[in-house]
Amino acid sequence: MANKKLRRAGLPQDLCERLSRHQIITCRDFLCLSFLELMKMTGQSYWSVQKLFRTVSLSCAPRMQTAYEMKMRRTLNPSAAFLPTTLEDLDKILHGGIACGSLTEITGPSGCGKTQFCIMMSLLATMPTNMGGLDGAVIYIDTESAFTAERLVEIAQHRFPNYFATEEKLIAMTNKVLVYQELTCDSVLKRIKSLEEEIISKNVKLIIVDSVASVVRKEFDTKRQGNLKERSNLLTKEASILKYLAEEFSIPVILTNQITTWLSDGLAVQADVLSPVDDLSLSEESSRNGDWYSGYVTAALGNTWSHCVNTRLILQYLDSKTRQKWIQRSSPVVIGKE
């Protein structure tokens with residue numbers, strides 16, 4: 001909540017503009033300053049600044065709600081609680097689909113379908129509520145230049161041929177998917193920081209970052225001293241802002257991540273892991289040439305990042321044509337194949 005923009009905290013517009021010239025944009029920026037610093041920046045008295053401080057504090061303080069209120073809100077309005085994936089087994093185990101108000105991570109090896117899943121969810125979010133969608137726009141942050149409009153249209157025509165029978169429906173749908181290609185850590189963070197007003201003005205109902213790991217792995221060599229801490233700080237900051245946006249506007253946020261594999265016999269290791277305990281590991285049984293052996297499929301970006309996401313879905317291959325999905329909360333559960 002501290003990432004809330006000051007202009008939405010109840011302060012006068014001219015005061016917000018004055019503070020913005022000092023790079024004071026969010027409630028966090030404001031509340032981190034002393035009263036003396038605020039008096040210098042605003043030109044107001046001690047008592048006026050104290051009143052402003054209280055206004056901002058109350059604006060960004062989380063409202064208390066009972067467990068009953070939370071339960072009834074989801075019970076009475078399921079469409080506001082989940083974005084269905086239209087994959088029956090997955091929706092069943094997730095109790096309705098991708099949860100609104102939280103971060104869902106899709107992890108898996110290259111080429112397993114993470115981007116295709118994100119494109120499909122982009123389509124579903126734009127659909128009318130009576131068809132299971134959220135009837136809103138989508139912000140798609142593409143860090144790998146993997147998004148293609150052609151694939152979005154193909155999925156739409158394949159999944160909903162009757163609804164997208166006309167060119168007008170396709171144009172309307174594609175205009176709702178707002179794609180930003182951000183190829184550096186700095187540009188991704190800046191984009192995430194700027195999303196709040198866009199969510200309001202364009203009725204955004206889904207945020208996708210595909211992928212979080214791509215730019216981070218390219219820019220941070222974790223073997224160099226200090227890089228791991230800097231990387232963790234960046235990821236924590238991004239997650240904090242995205243969680244605020246998800247909770248404040250009750251929308252789902254989908255992130256894709258890469259994986260690191262550890263095999264007990266040492267035959268296959270994909271690096272970018274400082275130590276086995278640095279990343280959260282999912283123990284599983286895999287098969288190779290008919291023999292069974294123990295292995296670890298580990299989401300990238302470390303243990304700090306693993307605690308930032310609310311739900312983690314792991315995609316992996318069973319064979320060349322079959323993919324297996326796992327949902328990881330406190331322990332892994334097989335939820336289906338496709």
Side-chain angles (χ1 to χ4, degrees), residues 82-87 90-91 94 96-127 132-160 173-183 188 191-192 195 198-199 202 204-217 238-239 242-243 245-246 251-259 299-301 305 308-317 323-328 335-336 338:
F82 298 99
L83 171 59
T85 68
T86 68
L87 302 174
L90 183 57
D91 286 338
L94 291 175
I98 303 298
C100 296
S102 67
L103 273 55
T104 299
E105 180 190 86
I106 313 296
T107 300
S110 176
C112 71
K114 300 187 296 295
T115 295
Q116 299 304 309
F117 182 84
C118 289
I119 293 175
M120 182 180 72
M121 296 311 299
S122 297
L123 163 66
L124 296 174
T126 67
M127 300 295 289
L134 299 178
D135 195 20
V138 178
I139 290 178
Y140 196 115
I141 299 176
D142 181 12
T143 68
E144 296 183 310
S145 301
F147 180 92
T148 62
E150 291 78 12
R151 185 57 180 152
L152 176 65
V153 171
E154 287 175 3
I155 294 174
Q157 292 176 324
H158 176 74
R159 297 296 300 275
F160 305 99
M173 181 272 293
T174 53
N175 275 328
K176 289 183 177 181
V177 181
L178 314 173
V179 183
Y180 295 99
Q181 288 192 346
E182 309 292 354
L183 305 180
V188 170
R191 178 60 59 189
I192 290 173
L195 293 183
E198 196 164 9
I199 290 172
K202 297 181 179 177
V204 172
K205 296 295 184 180
L206 172 65
I207 298 173
I208 295 175
V209 182
D210 181 26
S211 81
V212 175
S214 176
V215 289
V216 171
R217 281 182 150 184
E238 290 182 351
L242 290 171
K243 278 190 175 183
L245 296 174
I251 60 176
V253 174
I254 299 176
L255 313 156
T256 67
N257 192 3
Q258 300 169 353
I259 65 167
L301 302 184
W305 172 255
C308 291
V309 298
N310 302 102
T311 304
R312 171 172 283 164
L313 302 178
I314 298 179
L315 276 64
Q316 56 193 20
Y317 293 103
R323 295 176 181 84
Q324 185 180 54
K325 299 185 187 72
W326 296 67
I327 177 172
Q328 181 177 356
I335 60 172
E338 68 170 7

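Residue indices begin at 1 and follow the sequence shown.
- To the nearest 0.5 Å, the span separating OG1 on Thr107 from CG on Leu301 amounts to 8.5 Å.
- A distance of 3.5 Å separates CZ of Arg159 from OG1 of Thr86, quoted to the nearest 0.5 Å.
- For Pro84 against Met121, the heavy-atom pair with the smallest separation is O-CE, 3.8 Å.
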Step by step, work out the side chain to side chain contact (heavy atoms under 4.5 Å, CB included) result for Leu255 and Leu242.
CA-CA 10 Å; Leu255 313 156; Leu242 290 171; 3.7 Å; yes

Thr148 vs Glu150, test: side-chain hydrogen bond (donor to acceptor under 3.5 Å, both in side chains). Steps then yes/no.
CA-CA 5 Å; Thr148 62; Glu150 291 78 12; 4.5 Å; no

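- Inter-residue side-chain proximity for Val204 and Leu245 is flagged as unmet; no heavy-atom pair is nearer than 4.5 Å.
- For residues 109-120, the set of pairs meeting the salt bridge (Lys or Arg N to Asp or Glu O under 4.0 Å) definition, not counting sequence neighbours, is empty.
- Smallest separation of non-hydrogen atoms from Glu105 and Ala299: OE1-CB, 4.1 Å.
- Nearest heavy atoms, Ile208 versus Cys118: CD1-O, 3.3 Å.
- Phe82 places none of its side-chain heavy atoms less than 4.5 Å from the side chain of Asp91.
- Taking the side-chain hydrogen bond (donor to acceptor under 3.5 Å, both in side chains) definition, one finds that Glu238 meets it with nothing, sequence neighbours left out.
- Note that CD1 of Ile141 is 13.0 Å distant from CD1 of Ile254, once rounded to the nearest 0.5 Å.
- Note that the CD1 atom of Ile139 and the CD1 atom of Ile251 stand 7.5 Å from one another [nearest 0.5 Å].
- Remark: Thr104 pairs with no residue by the side-chain hydrogen bond (donor to acceptor under 3.5 Å, both in side chains) rule, at least two apart or across chains.
- Within the 4.5 Å cutoff, no side-chain heavy atoms of Val138 are placed close to those of Lys176.
- Of all heavy-atom pairs between Leu103 and Cys308, the closest is CD2-O, 3.9 Å.
- Residues that satisfy the side chain to side chain contact (heavy atoms under 4.5 Å, CB included) test with Val179, not counting sequence neighbours, are Tyr140, Asp142, Phe147, Val177.
- Between Gln258 and Ser214, the closest heavy-atom pair is NE2-CA, 3.9 Å.
- At a threshold of 4.5 Å between non-hydrogen side-chain atoms, the residues Ile207 and Ile199 count as touching.
- For Lys243, there are no salt bridge (charged side-chain N to carboxylate O under 4.0 Å, His left out) partners, not counting sequence neighbours.
- Considering only heavy atoms from C-beta on, Leu90 comes within 4.5 Å of Leu313 through its side chain.
- Evaluation of the salt bridge (charged side-chain N to carboxylate O under 4.0 Å, His left out) rule for Glu154 yields Arg151 as partners, not counting sequence neighbours.
- A search for side-chain hydrogen bond (donor to acceptor under 3.5 Å, both in side chains) contacts involving Thr126 returns nothing, not counting sequence neighbours.
- Distance check, rounded to the nearest 0.5 Å: CG of Leu183 to CD of Glu144 gives 10.0 Å.
- With sequence neighbours excluded, no residue forms a side-chain hydrogen bond (donor to acceptor under 3.5 Å, both in side chains) with Ser122.
- Evaluation of the salt bridge (charged side-chain N to carboxylate O under 4.0 Å, His left out) rule for Glu182 yields Arg191 as partners, not counting sequence neighbours.
- Taking 4.5 Å as the limit, every side-chain heavy atom of Val212 sits out of range of all side-chain heavy atoms of Asn257.
- Not a single donor-acceptor pair under 3.5 Å links the side chain of Asp210 to the backbone N or O of Thr256.
- Shown here are the ring pair (Phe, Tyr, Trp, His ring centres under 6.0 Å) partners of Tyr180, two or more places apart in sequence or in another chain: there are none.
- Considering all non-hydrogen atoms of both residues, Lys205 and Pro252 come closest at O-CD, 3.1 Å.
- For the pair Thr143 (side chain) and Ser211 (backbone), a donor-acceptor distance under 3.5 Å is present.
- The CZ atom of Phe117 sits 11.0 Å away from atom CD1 of Ile155, with the distance rounded to the nearest 0.5 Å.
- Considering only residues two or more places apart in sequence or on other chains, Phe160 meets the ring pair (Phe, Tyr, Trp, His ring centres under 6.0 Å) condition with none of them.
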